[in-house]
2 protein chains.
Amino acid sequence: MLDLAVLGLLRDAPLHGYELKQRLADLGFWRVSFGSLYPGLKRLERQGFIESLRDGGRKKTYQLVPKGQSHLEFLLTEETDTVEEERHFHLRLAFFRYLDGATRIKSLDRRRNELVQRLADSRRSMRKVNGRGQQRPDRYTRALMERGVRSTEADIAWLDQLIAAERSEQARPSSTELFQGGSQWAK
Amino acid sequence: MLDLAVLGLLRDAPLHGYELKQRLADLGFWRVSFGSLYPGLKRLERQGFIESLRDGGRKKTYQLVPKGQSHLEFLLTEETDTVEEERHFHLRLAFFRYLDGATRIKSLDRRRNELVQRLADSRRSMRKVNGRGQQRPDRYTRALMERGVRSTEADIAWLDQLIAAERSEQARPSSTELFQGGSQWAK
DNA sequence: TAAAGCATGTAAGAGGTTACATGATTGG
DNA sequence: CCAATCATGTAACCTCTTACATGCTTTA
């Protein structure tokens with residue numbers, strides 16, 4: 001999560017640590033602590049994904065290097081199996097503009113399939129629990145299950161919209177609204 | 001999270017570790033690993049919240065003790081400030097039946113206030129980002145923001161239903177559908 | 001009888017948090 | 001000038017995960 005968010009934010013412009021923490025908070029996914037961010041930046045630098053340079057005083061500006069940019073693309077497309085699926089997928093969406101249309105559709109489809117699967121599971125477990133022979137679960141457990149079904153349905157419909165928009169954009173290849181191909185160094 | 005889930009599951013009946021792992025998975029919030037569960041159970045026992053007893057062979061059955069039951073009530077009502085707010089709140093709902101109506105309403109109201117606050121923040125940040133002078137964010141960032149607003153609205157409406165149901169039940173105090181007061185030892 | 005599932009546990013390591021420590025700069 | 005915010009970092013601690021280790025029981 002941290003790696004994806006940091007590399008994604010640095011994809012557009014170099015930033016220093018404190019600024020990164022704020023941008024990370026603005027993204028709204030979670031607020032990372034300094035005790036996590038600074039060691040994380042150190043690690044990303046050690047791994048050769050970013051470079052730091054002191055600007056003026058004590059400020060350290062971090063910038064993405066090509067190896068980091070490929071790693072970002074990897075993180076954006078890799079098949080994961082996290083519990084944090086939702087948060088992770090939404091974080092990816094925030095940097096979707098760095099992927100090409102075909103890759104975006106693949107990713108949206110994969111997510112859609114997962115949700116369809118989850119919806120089927122939820123419905124099955126609701127039917128099971130409401131069947132005869134069972135003592136019905138309490139009101140809050142039922143409410144929780146129903147909410148799960150409804151919100152999954154809403155997310156699937158949302159993905160359908162995104163997929164449709166993406167396909168219709170690919171039909172008109174003139175548009176360059178989203179994909180910023182190439183690299184920041186290629187200018 | 002683990003403590004709340006384990007104590008909540010043991011509130012109704014003693015279980016052994018392996019069984020707990022399955023029940024935890026059934027709850028659908030996350031699948032805990034053995035490397036987390038067993039040390040966790042050991043810790044909860046050390047803290048005096050649960051007791052274990054070998055039944056027959058190598059199986060170890062864990063049961064809640066009174067100190068653990070008060071701790072469960074504490075975990076269910078404590079004011080938290082987690083990033084995991086949603087997951088945590090939903091886990092609480094799964095054990096809401098162990099709280100009395102007044103406490104449940106207090107908890108639902110608090111959650112509702114948080115969501116109203118978040119909704120206001122999201123809307124403000126959407127207006128800001130769509131204002132003139134800004135370069136509009138890309139389609140996916142906008143979709144993400146809109147989805148956030150919609151799903152928060154849906155959750156507030158959902159909470160309103162739960163609160164209304166809770167209030168109407170309190171108006172008819174004959175019902176004992178949910179609250180299972182007292183303790184399992186009081187029988 | 002072999003595979004799948006039941007059952008408990010440890011070790012190493014990753015990553016996160018809070019609290020601590022330090023000091024510059026900016027705005028009221 | 002004082003408080004808030006900017007800015008970077010370390011240390012101790014906690015919890016989680018994966019991988020490993022072991023061995024019993026049920027079922028196809």
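Numbered from 1 within each chain, the chains take letters A, B, ... in sequence-line order.
Summarising the geometry of A/Arg104 relative to A/Leu99, their closest heavy-atom pair is NH1-O, 2.8 Å, with the distance given to 0.1 Å. Nearest approach of A/Pro39 to A/Gly35, heavy atoms of both residues: CG-O, 3.2 Å.
As a whole-Å value, the separation of B/Arg31 CZ from D/dT17 P is 10 Å. Between the CD atom of A/Glu19 and the P atom of D/dA7 there is a distance of 7 Å, rounded to whole Å. If you measure from atom CG of A/Leu41 to atom C1' of D/dT8, you get 11 Å, rounded to the nearest angstrom. Whole-Å rounding puts the B/Leu53 CG to C/dA7 P distance at 15 Å. The distance from atom NZ of A/Lys21 to atom C1' of C/dG16 is 13 Å, rounded to the nearest whole Å. Across the protein-nucleic acid pair, B/Arg23 atom CZ and C/dC6 atom P stand 13 Å apart, rounded to whole Å. Atoms CD (B/Glu45) and C1' (C/dT8) sit 14 Å apart, rounded to a whole Å. Rounded to a whole Å, the CZ atom of A/Phe34 is 17 Å from the C1' atom of D/dA11.
Minimum atom distance to the side chain of A/Ser36 is reached by C/dT17, of the listed C/dT17, C/dG9, D/dA7. Taking only side-chain atoms of A/Lys42, from C-beta outward, the nucleotide of C/dG16, D/dG9, C/dT8 with the closest atom is D/dG9. Relative to the side chain of B/His16, the nucleotides C/dA7, C/dT10, D/dG9 differ in distance, and C/dA7 lies closest. Of the candidate nucleotides D/dT17, D/dA7, C/dT17, C/dT17 has the atom lying nearest to any side-chain atom of A/Trp30. Among the nucleotides C/dG15, C/dG9, D/dT10, the one closest to any side-chain atom of A/Pro39 is D/dT10.
Between A/Lys60 and D/dG9, a side-chain N or O to OP1/OP2 separation shorter than 4.0 Å is present. A sub-4.0 Å separation between OP1 or OP2 of D/dC6 and a side-chain N or O of A/Gln22 is present. An OP1 or OP2 oxygen of D/dT18 is reached within less than 4.0 angstrom by no side-chain nitrogen or oxygen of B/Ser33. At the phosphate of C/dT25, neither OP1 nor OP2 sits under 4.0 Å from any side-chain N or O atom of A/Lys59.
No donor-acceptor distance shorter than 3.5 angstrom exists from the side chain of B/Arg110 to the backbone of B/Ile105, with no hydrogens or angles considered. Without hydrogens or angle criteria, B/Lys21 side chain to B/Val32 main chain gives a donor-acceptor distance under 3.5 Å.
Donor-acceptor pairing under 3.5 Å is lacking for the side chains of A/Glu85 and A/His88.
Using a 4.0 Å heavy-atom cutoff across all strands shown, A/Gly35 reaches at least one base atom of the nucleic acid.
The nearest heavy atom of DNA chain C to B/Tyr38 and to A/Val32 marks one nucleotide each, and the one closer to the 5' end goes with B/Tyr38.
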